[in-house]
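Since the model is a prediction, treat every value here as computed from it, not as a measurement. Below, read A as the first sequence line, B as the second, and so on, with proteins coming before strands; counting in each chain starts at 1.
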Protein chains: 2
Amino acid sequence: MVKRLEHYTSSQCPVACSLDILGDHWTLLIIRELLFTQNHQYRDLLTIPEGISSNILSDRLKKLEEQEIIASAYRPDNKRDKLYYLTERGKGLIFVILEISRWADQNLGDRILISDDCRPMLDQPPKTVAKQIFKQLAEWEAANVND
Amino acid sequence: MVKRLEHYTSSQCPVACSLDILGDHWTLLIIRELLFTQNHQYRDLLTIPEGISSNILSDRLKKLEEQEIIASAYRPDNKRDKLYYLTERGKGLIFVILEISRWADQNLGDRILISDDCRPMLDQPPKTVAKQIFKQLAEWEAANVND
DNA sequence: TATTATTAATTGCATTATGCAAGCATTTGA
DNA sequence: TCAAATGCTTGCATAATGCAATTAATAATA
């Protein structure tokens with residue numbers, strides 16, 4: 001039997017163990033959406049421009065919930081709407097995403113485009129950006145989640 | 001034919017386009033080695049504790065070289081020794097790796113271990129750490145690479 | 001109340017990626 | 001000249017992914 005070994009079974013390196021969770025093509029895109037957009041439902045996430053498959057989305061949401069990076073709740077007044085949102089652990093990934101974006105801005109300039117909306121996030125200190133984003137998320141949570 | 005689409009064909013998002021390059025289980029571990037250790041040869045990289053397969057290592061080195069994140073050169077006095085090293089583009093990923101490590105330190109504490117050697121890298125400002133590491137790499141390059 | 005639509009998935013199947021062992025060409029030291 | 005080391009490549013089995021179709025539960029509509 002050849003099963004993929006997770007790094008944490010052979011390494012306690014913080015990079016390796018993080019890659020067990022984040023090291024694929026889709027996970028950070030889901031976190032990007034939950035951080036920066038109003039897309040908090042399954043159907044919203046299915047519409048990201050990169051075009052994620054429904055089975056992959058389902059799998060990643062499950063794994064992220066297992067790792068307590070996201071949580072979910074049904075909207076009380078409409079049980080058809082399941083809302084996904086970041087935990088504190090998940091929100092902390094904003095600093096990783098900002099550094100990746102900064103690297104891409106400096107090194108993949110021909111391939112990428114930073115919109116005018118997003119540019120300030122690379123020009124300001126990460127902590128300032130995070131504080132602002134966290135405030136927005138808190139407001140969204142106050143309005144949509146109660147647990 | 002169902003071929004995996006690279007994100008850059010459908011998105012100009014810096015996160016998505018970076019994931020085309022970095023979004024797997026192994027790439028950042030290779031970059032970690034080239035940044036922080038003296039492991040600059042194929043056989044060295046094969047011995048990382050996470051246990052990378054030789055075909056995967058070969059594939060990733062090739063792709064990283066295509067993306068100009070690493071470069072390689074044979075040691076002039078011994079053509080059997082091929083040395084891999086980071087380009088400026090590759091070195092810039094130190095900030096991503098430091099942020100991932102910081103996140104892991106704060107959120108995956110039960111799974112990971114930061115050695116006494118590495119701890120200062122999380123306690124000092126990233127720029128300070130980078131400057132120090134870049135100096136070490138420059139010294140190594142001066143002694144081992146000439147192109 | 002019956003029907004239809006929406007949502008959040010799950011299933012099936014073909015293709016691609018990965019893990020592991022073995023093999024190969026080139027270089028080098030003896 | 002020959003054996004060992006190096007940097008890969010190949011073959012094969014298993015796992016992950018992409019895409020289309022389907023499903024169960026809930027909500028809206030007739």
Side-chain angles (χ1 to χ4, degrees), chain A residues 1-7 9-11 16 19-30 33-34 39-66 70-85 144, chain B residues 1-7 9-11 16 19-30 33-34 39-66 70-85 144:
Chain A
M1 190 175 69
V2 184
K3 197 185 171 184
R4 193 159 64 92
L5 234 8
E6 306 267 328
H7 293 317
T9 61
S10 55
S11 167
L19 288 176
D20 281 338
I21 300 173
L22 309 173
D24 79 307
H25 270 60
W26 297 107
T27 300
L28 281 175
L29 294 186
I30 294 172
E33 292 298 300
L34 297 182
N39 299 337
H40 287 259
Q41 283 179 256
Y42 193 89
R43 67 164 181 282
D44 300 326
L45 296 170
L46 275 179
T47 70
I48 62 171
E50 293 84 8
I52 190 169
S53 300
S54 71
N55 56 345
I56 304 287
L57 176 57
S58 178
D59 177 77
R60 295 306 187 278
L61 289 172
K62 197 176 298 171
K63 286 177 177 165
L64 284 172
E65 212 161 348
E66 282 169 11
I70 66 172
S72 64
Y74 291 96
R75 206 191 289 275
D77 58 325
N78 186 339
K79 296 199 171 178
R80 209 157 60 176
D81 285 4
K82 190 174 183 179
L83 302 174
Y84 294 95
Y85 56 95
N144 293 280
Chain B
M1 192 174 69
V2 183
K3 198 185 170 183
R4 193 161 61 91
L5 233 8
E6 306 267 329
H7 293 318
T9 61
S10 55
S11 167
L19 287 177
D20 281 338
I21 300 173
L22 309 173
D24 78 309
H25 269 61
W26 296 108
T27 300
L28 281 176
L29 296 186
I30 294 172
E33 292 299 299
L34 297 182
N39 299 336
H40 287 260
Q41 284 179 255
Y42 193 89
R43 68 165 181 281
D44 300 327
L45 296 170
L46 275 180
T47 70
I48 61 172
E50 293 83 7
I52 189 170
S53 300
S54 69
N55 57 345
I56 304 287
L57 175 57
S58 178
D59 178 76
R60 295 305 187 278
L61 289 172
K62 197 176 297 171
K63 286 178 178 166
L64 285 172
E65 212 161 349
E66 282 170 11
I70 66 172
S72 64
Y74 290 95
R75 206 191 289 276
D77 59 325
N78 185 339
K79 296 198 171 178
R80 209 157 59 175
D81 285 4
K82 190 172 182 179
L83 302 173
Y84 293 96
Y85 56 95
N144 293 280

Going through the distances and angles, do B/Ile30 and B/Thr27 end up as a side chain to side chain contact (heavy atoms under 4.5 Å, CB included)? CA-CA 5 Å; B/Ile30 294 172; B/Thr27 300; 5.8 Å; no
Using modelled atom types only, decide if a donor and an acceptor are shared between the side chain of B/His25 and the backbone of A/Gly23 within a distance under 3.5 Å. yes
Taking the side chain from B/Tyr42 and the backbone from B/Tyr84, do they hold a donor-acceptor pair closer than 3.5 Å? no
Round to a whole Å and report the spacing from CG of B/Asp24 to P of C/dG19. 9 Å
In whole angstrom, what separates B/Tyr42's OH from C/dC24's P? 17 Å
Between A/Gln41 and C/dA8, does any side-chain N or O lie under 4.0 Å from OP1 or OP2? yes
Separation of A/Asn55 atom CG from C/dT7 atom P, in whole Å? 19 Å
Would you please name every residue forming a side chain to side chain donor-acceptor pair (under 3.5 Å) with A/Asn55, sequence neighbours left out? none
Starting at the 5' end of DNA chain D and moving along, which residue's nearest nucleotide shows up first, A/Ser54 or B/Tyr74? B/Tyr74
B/His7 side chain to A/Gly51 backbone, donor-acceptor under 3.5 Å: no
How long is the line joining CD1 of B/Ile52 and P of D/dG7, in whole Å? 14 Å
Starting from P on C/dG19, measure out to CG on B/Leu29 and report it in whole angstrom. 11 Å
Residue B/Ile56, side-chain atoms from C-beta onward, closest of C/dT18, D/dG7, D/dT17: C/dT18
Has the side chain of A/Asp44 got a donor or acceptor atom that lies under 3.5 Å from a matching backbone atom of A/Gln41? yes
Are B/Glu50 and A/Ser10 linked by a side-chain donor-acceptor pair shorter than 3.5 Å? no
Give every pair of a protein N or O atom and an N or O atom of nucleotides 26-30 of chain C that lie under 3.5 Å apart, one pair per line with the distance.
| from | atom 1 | to | atom 2 | distance (Å) |
| --- | --- | --- | --- | --- |
| C/dT27 | O2 | B/Arg80 | NH1 | 3.1 |
| C/dT28 | OP1 | B/Lys79 | N | 2.3 |
| C/dT28 | O4' | B/Arg80 | NH1 | 3.4 |

Would you say B/Trp26 places a side-chain N or O within less than 4.0 Å of OP1 or OP2 belonging to C/dG19? yes
Within this structure, what is the NZ-to-C1' distance between B/Lys82 and D/dC8, rounded to whole angstrom? 9 Å
What's the CG-C1' distance between A/Leu46 and C/dT10, to the nearest Å? 13 Å
Return no unless some side-chain N or O of B/Lys62 is found under 4.0 Å from OP1 or OP2 of D/dT9. yes
Rounded distance in Å - CG (B/Asp59) to P (D/dT9): 10 Å
Report yes if a side-chain nitrogen or oxygen of B/Ser53 is closer than 4.0 Å to either non-bridging phosphate oxygen (OP1 or OP2) of C/dT18; otherwise report no. no
